[in-house]
Chemist: 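Below are the structure tokens for one structure; questions will follow.
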Amino acid sequence: MADNFKKRQEILIEDYIKTACVNDKKVLLAMRLVPRHKFVPKSYQTDAYLDIALPIGKNQTISQPSLVGLMLQTLKLKGRERVLDIGTGSGYQAAILSLLAKEVYSVEIIKELADSARKKLISLGYSNVHVINADGSKGLESHAPYNAIIVAAAAPSIPNDLINQLKNKGKLIVPVGQSTDNQILKLVTKKDHSIITKDIEPVVFVPLITNKQSGKI
Ligand code: SAH
């Protein structure tokens, strides 16, 4: 990575990501290895190492890096897992996930974003990520069950279909809320036949697009 990007990335990690309580060594290493500037449009590359969401086209954004770190840390991945990533967007989070898990299935509802993320991930060598252009609001039954499911768009309530696609002891992390000013990031852990739900923190995500709306894209 060019020196100027490397320096900015180090400041982002030391002063913003660690400050947001991301201290898992594996997550921090994976975040150091993934070049965020390659996942944003050229015109935003100089802002790529600020701790902010940035536009990626089609009215969507690449998530704030400290929030990506926090969500990934919450999953406590060991490297052997099959993970479902809903809302591929730029592919940035999927790239980090690919370094923390064995296999990543990443679903994106907007075809242009899915195609460009797939191309980007292949060209950068993240070969264990499979990008699928589909509505992920009901998960991805064809490759279920998953050790972990991570959702990068806000759902109106905790989606039951996603809980059903988790393995026993699997974890789902999902922002839940009807409007941007009352979303909470939730961690749902499946244990035998029960589920344990924990509120992590208030967040702001774009809403999950449902099948009904997808015709308007
Ligand atoms: N993780 C992404 C951030 C994506 S923002 C990154 O690292 O860049 C959320 C993404 O979710 C958007 O790209 C949006 O198109 C997608 N999305 C919204 N509703 C969806 C749905 N029902 N199924 C799959 N993807 C969806």
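Please read all numbers here as calculations on a predicted model, not as lab measurements. By convention here, the first residue in the shown sequence is residue 1. Both ligands and their constituent atoms are indexed starting at 1 by order of listing.
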Chemist: Enumerate the atoms of ligand 1 whose separation from the nearest heavy atom of I62 is less than 4.0 angstrom.
Modeler: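 In order of numbering, the contacting atoms are 8 (O).
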Chemist: Count the heavy atoms of every other residue, nucleotide or ligand shown that sit under 6.0 Å from NZ of K167, and state whether that count exceeds 12.
Modeler: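 Enclosed: over 12 neighbouring heavy atoms sit under 6.0 Å from NZ of K167.
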Chemist: Less than 3.5 Å apart, any donor N or O on the side chain of Q45 or K42 sitting next to an acceptor on the other?
Modeler: no
Chemist: Pairs of nitrogen or oxygen atoms closer than 3.5 Å, one from T210 and one from ligand 1: do any exist?
Modeler: no
Chemist: Is there any N or O on Q93 that sits under 3.5 Å from an N or O of ligand 1?
Modeler: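 Checking ligand 1 against Q93, an N or O pair does fall under 3.5 Å apart.
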Chemist: Which part of V206 is near ligand 1, with near meaning a heavy atom under 4.0 Å away: side chain, backbone, both or neither?
Modeler: side chain
Chemist: Give me the nearest non-hydrogen protein atom to atom 18 (C) of ligand 1 as residue plus atom name, then the distance to 0.1 Å.
Modeler: I209 N, 3.6 Å
Chemist: Kindly check if the number of other-residue, nucleotide or ligand heavy atoms within 6.0 Å of NZ (K111) is above 12?
Modeler: no
Chemist: Side chain or backbone of A134 under 4.0 Å from ligand 1, or both, or neither, by non-hydrogen atoms?
Modeler: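 Near ligand 1, A134 shows its backbone, while the atoms from C-beta on stay back.
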Chemist: Identify the protein heavy atom lying closest to atom 11 (O) of ligand 1, giving its residue, its atom name and the separation to 0.1 Å.
Modeler: G87 CA, 3.1 Å
Chemist: By number and element, which atoms of ligand 1 are closer than 4.0 Å to a non-hydrogen atom of D135?
Modeler: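 Result: 21 (C), 22 (N), 23 (N).
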Chemist: Please could you name the atoms of ligand 1 that L208 approaches to less than 4.0 Å, counting only its heavy atoms?
Modeler: 19 (N), 20 (C), 21 (C), 22 (N)
Chemist: State the atoms of ligand 1, each with its element, that fall below the 4.0 Å cut-off from a heavy-atom position in T61.
Modeler: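 Checking each atom against T61, I get 3 (C), 4 (C), 5 (S).
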Chemist: Would you call the rings of F39 and Y126 parallel, tilted or perpendicular, where under 30° means parallel and over 60° means perpendicular?
Modeler: tilted
Chemist: With a cut-off of 6.0 Å (strictly less than), are more than 12 heavy atoms of other residues, nucleotides or ligands near OH of Y44?
Modeler: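 No, OH of Y44 has 12 or fewer neighbouring heavy atoms, counting only those of other groups under 6.0 Å.
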Chemist: Does I56 reach the side chain of Y92, with side-chain heavy atoms less than 4.5 Å apart?
Modeler: no
Chemist: Can you confirm whether N59 is buried at CG, in the sense that more than 12 heavy atoms of other residues, nucleotides or ligands lie under 6.0 Å from that atom?
Modeler: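 Check fails, neighbour count at 12 or below.
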Chemist: For the pair Q9 (side chain) and P35 (backbone), establish whether a donor and an acceptor sit closer than 3.5 Å, ignoring hydrogens and angles.
Modeler: no
Chemist: Is the shortest side-chain heavy-atom distance between V151 and L172 below 4.5 Å?
Modeler: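 In contact.
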Chemist: Strictly under 4.0 Å, does any heavy atom of T88 approach an atom of ligand 1?
Modeler: yes
Chemist: Going by the closest heavy atom to atom 25 (N) of ligand 1, which one wins out of L113, I132, I109?
Modeler: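 When every heavy atom of L113, I132, I109 is considered, I109 comes closest to atom 25 (N) of ligand 1.
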Chemist: Minimum heavy-atom separation for Q73 to D24, with atom names?
Modeler: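 Minimum heavy-atom separation between Q73 and D24: OE1-N, 3.0 Å.
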Chemist: Go through ligand 1 atom by atom and flag the ones less than 4.0 Å from a non-hydrogen atom of I110.
Modeler: 15 (O)
Chemist: Do ligand 1 and G136 have nitrogen or oxygen atoms that lie under 3.5 Å from each other?
Modeler: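 Such a contact does occur with ligand 1.
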Chemist: Do me a favour and list the nearest non-hydrogen protein atom to atom 8 (O) of ligand 1 with residue, atom name and distance?
Modeler: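 Here the nearest protein heavy atom works out to S90 OG, 2.6 Å.
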Chemist: Is the shortest side-chain N to carboxylate O distance from R118 to D115 below 4.0 Å?
Modeler: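 Yes, R118 and D115 are salt-bridged.
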Chemist: Starting from atom 12 (C) of ligand 1, find the nearest protein heavy-atom neighbour and note its residue, name and distance.
Modeler: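 That would be Q60 OE1, 3.3 Å.
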Chemist: For ligand 1, which atoms sit closer than 4.0 Å to a heavy atom of A152?
Modeler: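 What qualifies from ligand 1 is 1 (N), 5 (S), 9 (C).
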Chemist: Tell me: protein heavy atom nearest atom 16 (C) of ligand 1, and distance?
Modeler: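 Closest protein heavy atom to atom 16 (C) of ligand 1: E108 OE1, 3.4 Å.
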